[in-house]
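To start, the structure under review is shown below, and the notes come after it.
Values below: all heavy atoms of this structure, side chains included; hydrogens, waters and symmetry mates excluded.
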Amino acid sequence: MKIAKLAFYRVIHYFQENKLIFFLYLLGSITCVITFIYFYGNAMPNKYAEARNGLQFRQYYVTLNKTQAVDKNTFTFLKDSDIQDIKLESDSLGKIVLKTASLPDEPAAPDNPDNNDNQVDITVQAYMYGRTKIYNERGRCDFSQEELKSGKNVVVLPSLMEDTFKSGADFSIKGVRYEMIGVHTISTGFYIPYQAYIKQGYTTKKFTVTLNKALSKEGSSEFTKNLYKQFPNSSIIDPTNYFNSVSEQSPLMLLLLSIVYLISIASFLFLLKYLSDKNRSENVIYTMIGASKKNVMKIMVAENLLISLCSAVIAIFLHMALYGSFFSKINTIENITYQWNDYLVVFIFVLFLSVLTSVPFLISYSHNSIIHSKNKYD
Amino acid sequence: MKKIRMLFSFYSKNVFAVCLLFLLMTFSLFFVSNAIGQYRYVVYTKTMFQNSGLNNAVYYMPLSDSDYTSGPDIMNKKIATSTKAVAEFSAVENVLTVNIGMAGYGNRSCSYLLYNKSLNHAFPLNLSEGKWFSDDSFDKADSNKRYNVIVGGALYNHVHVNSDIPITLNNNTTLTVHVIGKLSFPTCIPDFGTGGNTISANDFLAPADMVIFQETPQLTAFLHEKSAYSPSSSMFVQFSPKASKQQKNECLDYMQKNGMYSDYNEIMKNTDVIVQNTLARQMPMPLFFLFVATISLISVSVLMVYKKMQEHSIYYLCGCSRKKSFLYMAFGIGLIALLAGALNMLFIANYQFFASRGILDLGKVIIDRYSILYIAGYIAAVILLSILLPFLVFRKESPIELYRRKDQ
């Protein structure tokens, strides 16, 4: 308590002795903390991932142990508003022979040497809500409203079937004729409207749920458990690996940010050195009247902590107040949000790093004897 | 000697802080110049495209059926077929293609480009020296004459106009060409080799070390015989203003079936996104460091004045005028910023040299005399500010008062 009081009065004294230098140091310190907060939001992998709302954090791939009829009623356990889309994928319809205009009704015999080189395992796929863009290579890949509503037999071919599309020949899947409207960029998968998928009675072997917004790691775990409950014995690939990868990168990024902060604050430490040199006599007096070197060093650390605490509080307050009007506009990506725990992490790190910045002062003090310090002051 | 000592006494006992500040300022200025250069580059490509007059055109990216192992001749034939097929539509007024090939100059690789009138009309290139091709430029090489070329890029920095230079075509044929002009910096050349769903002006206008020939049938045949050049896979298809909507749609449907296209508005929209992203992503970090360096310099200057005031009070009493005293201090403050700025300006002035030697090439940036102006302006403002605060402090305290206070 006494140490804290002494540190407090020392800081007041710094301010009273030389307002301009103290103000400049405070300004520099606040700038460095704001820089830290900015880079924390824009460079930390978890914040970046949260803002980017990347697809890899929002998709859950489910492979059923056996094919089953799946439609919108199967997913009533999910909230509509949370779902961007659900992609249904049928079981393999066999091998497709390239440059032909239809799929064979029967799977090609695996030991038939003539078919192996030109064959690809193909499935029929449909997006339940039609909210996902299919990237086109030729023609069009967007189904019209009428096609979606009526379940018209139109198909977007995989890129391996470009020649088939160009030939304009009749195309059928399992004996059902489809109009080819385009070719998409992926090498496998026939896309048809959802209503056509249901009408033709395709059974689903796999489906992919894409959420609107990425969940937290814990939320994602809950969601996966829910999926397992509804589809027991299925195999689910969730974004856990991506979350783990982000978690692994975070400490290194935090270290880099700390180094950036230390380099920035080092540019202003000479101001603090000037202020503290003026009070060298106090340290001498404390030592002469019996204070141990350890206690004097504690006072030096405490005063640095106190100034850093003030800077951090002011900086955090400024950042929160001006985030909407200024700081959000200079973010490298949109939708970066700061929660209270982010500010708390920054606050703790700034305080910890300020202790590190005291080290040169402590070393300098500890190397000098009391006589040496007194002579220096004189 | 005494004066030099006086000038540099400013830094005594503060060498570490001054060195750190100098390094911080130098690197911050460098990164800010680079970031501004990148932003200026994307804005430049956007302006080039805006002024191209291609408002009524689409960028068509036909898909090739052949893979690259078919050989350049087959690829060229396929591209020529695509071009011809599109040109045959009644709505199409002109098809803009780019014929480009690989070459070598010295031990570095470069490209050569055949520039025709349509390309020149859409994307006119600025020259820093020499002249553009005239209509009566010869088009056939003979034993005495050389092909006229215009060179561009850092690689040809040291080449003079009206000189002859050897270039090696990609089958090792050496061709001596006559330089009639040099492109001004930045050398932004149309290159229609890119494709994708989000095409922007930045994609088909790129910096390159380039030799530009005037395209003529004879030259084309000559180069075709001597070298494997190829037209870019994509093209701009310009519609006639008199074409009806139906005619246009016929052509667009064909392009949709045989590839992809992006119209002018789409390209501009994608370009605007790139411009905004460049500003948002490249600028903040360098600007933050520069701000820190600026505040730090001002702090150093104020601190130095406080530290040296007592010394200068003694100098005053020994006959040194206050004005001289202040100038010594101002020199000390200004030198840090001046040196940092001077280093950066020196780098910018010699950037073409570094890039031509392959020492440092920053890619798609514009670094020119305007960059020097920005740096000079910033340094002047910072020095002024750094000197102003100490000046106010200096004025407030008279030397004799300081001396008396110290004595007490």
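There is no contact between M255(B) and chain A, counting heavy-atom distances below 4.5 Å. For T31(A), the part sitting under 4.5 Å from any heavy atom of chain B is the side chain, from C-beta outward, and nothing else. Both the backbone and the side chain of A266(A) come within contact range of chain B, with heavy atoms under 4.5 Å apart. Interface residue N18(A): only side-chain heavy atoms are found under 4.5 Å from chain B. Heavy-atom distances place both the backbone and the side chain of I295(B) under 4.5 Å from chain A. Using a 4.5 Å cut-off between heavy atoms, F165(A) contacts chain B through its side chain alone, with no backbone atom that close. For a residue to count as touching a neighbouring chain, one of its non-hydrogen atoms must lie under 4.5 Å from one of that chain's; by this rule L303(B) touches chain A with backbone and side chain alike.
Surrounding CZ of R40(B) are more than 12 heavy atoms belonging to other residues, nucleotides or ligands, all under 6.0 Å away. For CZ of F15(A), the number of neighbouring non-hydrogen atoms (other residues, nucleotides, ligands) closer than 6.0 Å is 12 at most. Summarising the local packing, OH of Y343(A) is surrounded by more than 12 heavy atoms from other residues, nucleotides or ligands at distances under 6.0 Å. Heavy-atom contacts from other residues, nucleotides or ligands closer than 6.0 Å to CD of E334(A) number 12 or fewer.
Distance check, rounded to the nearest 0.5 Å: NZ of K329(A) to CG of L279(B) gives 13.5 Å. In this structure, F270(A) CZ and L20(B) CG are separated by 8.5 Å, a value rounded to the nearest 0.5 Å. A distance of 7.5 Å separates CZ in F288(B) from CD1 in I34(A), rounded to the nearest 0.5 Å.
Comparing M283(B), M260(B), M285(B) by how many heavy-atom pairs each has under 4.5 Å with chain A, the most go to M285(B).
Residues P284(B) and F39(A) fail the side-chain proximity criterion, which asks for heavy atoms closer than 4.5 Å.
Panel note: side chain S267(A), backbone S296(B); no donor-acceptor pair is recorded below 3.5 Å.
Shown here for L271(A) and S299(B), the closest heavy-atom pair between the two residues is CD1-CB, 3.4 Å.
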Discussion item. The test is side-chain contact (heavy atoms from CB on, under 4.5 Å); show your working for F289(B) and V260(A) and say whether it passes.
Written reply: CA-CA 10 Å; F289(B) 278 117; V260(A) 165; 3.6 Å; yes

